[in-house]
Amino acid sequence: MHLRRIREDRGMTLEELAAHSGLSFRGVVYIEHGQRNPTLINLAGGLHVQPSRLLAVFDVEQGTFPEAGSPAQD
């Protein structure tokens, strides 16, 4: 999932993302594995990005996939 890539690009552990987003560790694991629907606002806050950044993966179809950590998207 796109969430994992952003988290790893930011050097965050699952535990850190959980703490910053107000979700449980297990909840973040389930979200990354596609077993639970994420709360975008919480996750985006934990990653310090706009919620739309988590959905940027859908821009691939249009050929405009932003690089992780791109200042224009954060």
Side-chain angles (χ1 to χ4, degrees):
M1 182 177 193
H2 193 57
L3 172 65
R4 180 177 180 180
R5 187 173 128 194
I6 295 172
R7 178 182 59 77
E8 289 176 345
D9 286 349
R10 295 193 179 287
M12 294 179 80
T13 65
L14 288 164
E15 292 88 351
E16 290 170 331
L17 177 55
H20 289 284
S21 62
L23 299 169
S24 70
F25 168 82
R26 192 168 302 262
V28 174
V29 170
Y30 288 154
I31 291 166
E32 281 196 356
H33 289 252
Q35 298 173 346
R36 184 176 291 167
N37 292 324
T39 303
L40 289 180
I41 301 299
N42 291 27
L43 292 171
L47 292 168
H48 306 291
V49 298
Q50 295 296 318
S52 60
R53 176 78 169 88
L54 297 176
L55 302 175
V57 69
F58 298 109
D59 292 339
V60 171
E61 295 173 8
Q62 300 169 5
T64 60
F65 187 75
E67 291 299 318
S70 171
Q73 298 295 321
D74 295 346

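The model shown is predicted, which means the values in this text are computed figures rather than measured ones. The figures that follow rest on heavy atoms only: side chains count, while hydrogens, waters and symmetry mates do not.
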dist R4:CZ -> D9:CG (nearest 0.5 Å) comes out at 11.5 Å

Testing the basics here: between A44 and Q50, what is the closest heavy-atom pair and its distance to 0.1 Å?
CB-C, 4.0 Å

I'd like to know if R7 and E32 make a salt bridge, using a cut-off of under 4.0 Å between side-chain N and carboxylate O.
yes

Between CG on residue L17 and CD1 on residue I6, distance to nearest 0.5 Å:
10.0 Å

Roughly how far apart are L43 CG and L54 CG, rounded to 0.5 Å?
6.5 Å

Consider only side-chain heavy atoms of I, L, V, M, F, W and Y, link residues closer than 4.5 Å, and tell whether V29 and L47 are in one cluster.
yes

Quick one: do L23 and I31 satisfy side chain to side chain contact (heavy atoms under 4.5 Å, CB included)? Show the steps, please.
CA-CA 10 Å; L23 299 169; I31 291 166; 4.0 Å; yes

Run the side chain to side chain contact (heavy atoms under 4.5 Å, CB included) test on M12 and H20 for me, step by step, so that the C-alpha distance in whole Å, both residues' side-chain angles and the decisive distance to 0.1 Å come before the verdict.
CA-CA 10 Å; M12 294 179 80; H20 289 284; 3.6 Å; yes

Please check this pair: side chain of E8 against backbone of R5, looking for a donor-acceptor N/O pair closer than 3.5 Å.
no

Does the pair R53 and H2 meet the rule for a side chain to side chain contact (heavy atoms under 4.5 Å, CB included), with working shown?
CA-CA 9 Å; R53 176 78 169 88; H2 193 57; 3.6 Å; yes

